[in-house]
Structures are given as C-alpha cells and as structure tokens.
Amino acid sequence: MTSTFTVHAASGYEQLMGRWSRRLAPKFIDFAGLAPGETILDVGCGTGSLTFELAKSADLAEIQAIDFSPVFVEAARQRNTDPRITIGQADAMALPFADNAFDRALALLVLHFVPEAGKAVAEMRRVVRPGGVVAAVVWDHYGGMTGMRMMIDTVAALSESGRQMRSRYCFQPMMQPGEMKRTFAEQGLVDVTEAELMIRMDYADFDDFWAPIGAGEGPLGRYMTTLDAAEQKRIEAAVRDAYQAGRPDGPRSFANIAWACRGIVP
C-alpha cells in the first residue's frame with residue numbers, strides 16, 4: 001500500500017496533527033466503546049495517539065498497533081512502556097493477523113489516506129470476531145475544519161494549482177456525509193451508526209499554526225514544496241493575513257468536526 005499522507009519527521013507530525021489527534025482520541029474511544037479483557041487493533045496508529053489513550057484503560061488485555069510509515073512506527077515504539085502494546089509496520093489493506101483475532105479494530109484519522117478504503121474496512125472486519133466492533137473516524141475537510149479551510153481557500157484564491165489542491169483536499173475518501181456508513185454496510189457490517197465528533201484546535205500564534213506546513217508536513221505542506229521560494233513567501237504572507245484577520249498576532253482557536261462510524265461484525 002502507498003499512503004497519500006506525507007510525513008518527514010514525527011515531531012513535525014506532532015505539531016501538525018498529533019496534538020489534535022490526541023484530543024480527538026478519547027471522544028472516539030467513547031464512541032467506539034471498550035469492554036474489560038478485550039484485545040484491540042489500532043489500524044494506522046501514527047505516533048500513538050489512539051494506542052496510548054487506549055492503554056489508559058487498565059482492563060484491556062492487549063493492544064496491537066500498526067502503521068504503514070516506518071517513521072511513525074519507530075516514534076511510537078520509542079514512546080511505549082506498556083507490555084500489553086505491540087507496534088509494527090503493516091498495510092491496512094492486508095492486515096497480518098488471523099481471522100477473528102480481535103474484539104475491536106479502530107482507525108483514527110486513517111481511512112482518508114488509504115488508496116482503497118473499502119479494502120481496509122473489509123480487512124478490519126475480517127480480523128474482528130463475530131459480535132465485535134469496527135470503528136473509524138476522519139476529519140470533515142470540506143465542511144468541518146475551519147482553520148484549514150481558511151488556509152486552503154486563501155491558497156486557492158492565488159493560483160489554479162491552489163484550486164486543484166483544494167479540490168483534492170476537500171474531497172478525499174470517506175469525508176462526505178454518509179460515505180463511511182455506506183462503506184461499512186457494503187463490507188457487511190451491521191447496526192452501522194455515524195456521528196460527529198468535535199474538538200478545538202488552539203494555536204499560540206501564526207508561527208505555531210504555520211511551522212509544520214512550511215516545513216512540508218502533511219498534504220498541504222507537500223503542496224508548498226512544489227512551489228518556488230517567491231510563491232511560498234506570497235502564500236505564507238496571505239495565510240498570515242487570513243489567520244490574523246486584521247488583529248495582532250497571537251492565540252486563535254478553530255472548531256474542527258470529524259465523522260465517526262461504528263459497525264458490528266455479524
């Protein structure tokens with residue numbers, strides 16, 4: 001599998017998204033549910049936001065976590081001190097586990113970066129026992145990420161390549177209302193439910209907002225690396241103006257909504 005997510009360094013991802021995925025993880029766990037003694041699979045664990053939040057539940061028997069990126073796998077392994085957690089590199093579309101091996105398979109902010117998300121959902125269903133749970137959550141890039149939309153709309157106003165980037169960003173897989181729910185049902189899951197989860201992304205100042213993007217992290221950072229230095233400076237100045245909105249630089253807070261979906265293995 002190839003991933004459409006660009007990562008250069010775990011620290012860059014942490015500033016771009018890891019700190020926010022940690023804020024989302026408890027809400028997602030409440031939605032997905034847990035029970036004592038369960039064995040859980042974290043698909044696309046990244047730097048471990050969901051994995052280590054799951055580990056706060058002392059009643060869980062085992063947590064297996066996989067990611068496609070060796071950068072993420074190494075970073076998560078370095079953080080791990082819990083003997084119940086095993087972290088490895090693997091493909092979400094070809095999970096290296098036996099059928100019915102887990103009580104739940106969870107995916108936090110992953111499916112929109114998988115080339116064939118339906119295959120990943122099918123694999124999650126395969127490795128979960130009958131009666132077990134498959135659950136996933138992704139950001140609503142089109143209508144639910146106010147800070148990021150502020151930036152990409154600013155970029156789109158400056159060039160045709162920016163408009164093309166916006167179209168790709170806003171319509172990644174699994175992000176439209178009902179899309180994950182339909183996919184879960186198509187892969188044979190039952191009692192499928194969908195919900196919206198919200199957090200706020202709080203930034204100390206523009207540099208806190210911009211630094212990982214300017215360094216090339218994530219989809220928007222990757223776009224920046226395709227531009228010459230003059231265009232990069234023009235975009236940074238325009239986004240800074242949008243962030244500051246005519247006021248002095250400083251803290252800003254943006255609401256962010258994610259789609260969450262949960263289904264039962266029959």
Side-chain angles (χ1 to χ4, degrees), residues 4-32 44-53 72 75 106-113 136-156 162 165-166 168-172 174-177 180 195-224 235-261:
T4 59
F5 188 85
T6 301
V7 57
H8 299 292
S11 58
Y13 172 80
E14 281 295 302
Q15 188 173 7
L16 175 71
M17 190 56 63
R19 52 182 167 168
W20 313 128
S21 60
R22 285 195 299 276
R23 190 171 288 186
L24 182 63
K27 293 177 179 286
F28 178 48
I29 291 171
D30 287 345
F31 172 77
C45 64
T47 54
S49 296
L50 178 61
T51 303
F52 299 119
E53 188 65 30
F72 284 154
L106 312 181
L108 176 77
L109 305 179
V110 174
L111 290 185
H112 49 313
F113 294 115
V137 62
V138 301
W139 293 122
D140 177 5
H141 278 186
Y142 182 80
M145 296 195 79
T146 55
M148 294 300 173
R149 274 303 301 268
M150 174 193 71
M151 181 176 68
I152 67 166
D153 285 343
T154 299
V155 174
M165 180 274 294
R166 177 174 61 184
R168 292 191 300 271
Y169 180 83
C170 288
F171 294 98
Q172 287 178 252
M174 302 292 103
M175 289 185 172
Q176 301 309 301
M180 269 202 301
E196 296 178 11
L197 307 179
M198 193 193 87
I199 67 164
R200 297 196 73 90
M201 294 183 180
D202 302 308
Y203 298 94
D205 52 26
F206 177 72
D207 287 342
D208 188 30
F209 175 82
W210 180 256
I213 297 161
E217 296 292 348
L220 304 178
R222 179 176 60 182
Y223 170 76
M224 291 296 294
I235 287 176
E236 181 177 351
V239 176
R240 180 185 294 272
D241 182 65
Y243 175 92
Q244 294 176 352
R247 298 293 181 90
D249 194 12
R252 302 291 191 272
S253 180
F254 301 98
N256 291 267
I257 294 172
W259 296 113
C261 195

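Note: hydrogens, waters and symmetry copies are ignored here, and every other heavy atom, side chains too, is used.
Each of M148, M145, R149 was evaluated against C170; a single residue qualifies, R149, per the side-chain contact (heavy atoms from CB on, under 4.5 Å) test.
Because its NZ or CZ atom is both nearer than 6.0 Å to the ring centre of Y243 and within 45° of the ring axis, R252 counts as a cation-pi partner of that residue.
Every side-chain hydrogen bond (donor to acceptor under 3.5 Å, both in side chains) that R166 has, sequence neighbours left out, goes to D153. With sequence neighbours excluded, no residue forms a salt bridge (charged side-chain N to carboxylate O under 4.0 Å, His left out) with R168.
Taking all atoms of both residues into account, the shortest heavy-atom contact from L24 to I199 is CA-CG2, 4.0 Å. When all heavy atoms of S21 and L109 are compared, the pair lying nearest together is CB-CD1, 3.7 Å. A136 and M180 get closest at one heavy-atom pair: O-CE, 3.8 Å. Across S253 and R200, no two heavy atoms sit closer than the pair OG-NE, 2.7 Å. Between T51 and C45, the closest heavy-atom pair is OG1-CB, 3.6 Å.
Rounding to the nearest 0.5 Å places OG1 of T154 at 13.5 Å from CZ of R240. To the nearest 0.5 Å, atoms CE (M201) and CG (N256) are separated by 4.0 Å. Summarising the geometry, atom CZ belonging to R19 is positioned 12.5 Å from atom OG1 belonging to T47; distances are rounded to the nearest 0.5 Å. Between the CG atom of D140 and the NE2 atom of H112 there is a distance of 10.5 Å, given to the nearest 0.5 Å.
Residue Y203 places its OH atom among more than 12 non-hydrogen atoms of other residues, nucleotides or ligands, all under 6.0 Å distant.
Aromatic rings of W139 and Y169 (six-membered ring for Trp) have centroids beyond the 6.0 Å cut-off, not under it.
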Check your understanding: Stepwise, does the side chain to side chain contact (heavy atoms under 4.5 Å, CB included) test hold for W259 with V137?
Key -> CA-CA 5 Å; W259 296 113; V137 62; 5.9 Å; no
Check your understanding: Does the side chain to side chain contact (heavy atoms under 4.5 Å, CB included) test come out yes or no for L50 and R22, once each step is laid out?
Key -> CA-CA 7 Å; L50 178 61; R22 285 195 299 276; over 6 Å; no
Practice item. Could you please spell out the steps behind the side chain to side chain contact (heavy atoms under 4.5 Å, CB included) verdict for F31 and L106? Key: CA-CA 11 Å; F31 172 77; L106 312 181; over 6 Å; no
Point to revise | I152 and H141: CA distance, side-chain angles, deciding distance, side chain to side chain contact (heavy atoms under 4.5 Å, CB included) verdict | key: CA-CA 10 Å; I152 67 166; H141 278 186; over 6 Å; no
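Considering only heavy atoms from C-beta on, L108 comes within 4.5 Å of S49 through its side chain. At a threshold of 4.5 Å between non-hydrogen side-chain atoms, the residues I235 and W210 count as touching.
Ring pair F209/F206 is tilted by interplanar angle, where 30° to 60° counts as tilted.
In this structure, Y223 contributes its side chain and G162 its backbone to a donor-acceptor pair below 3.5 Å.
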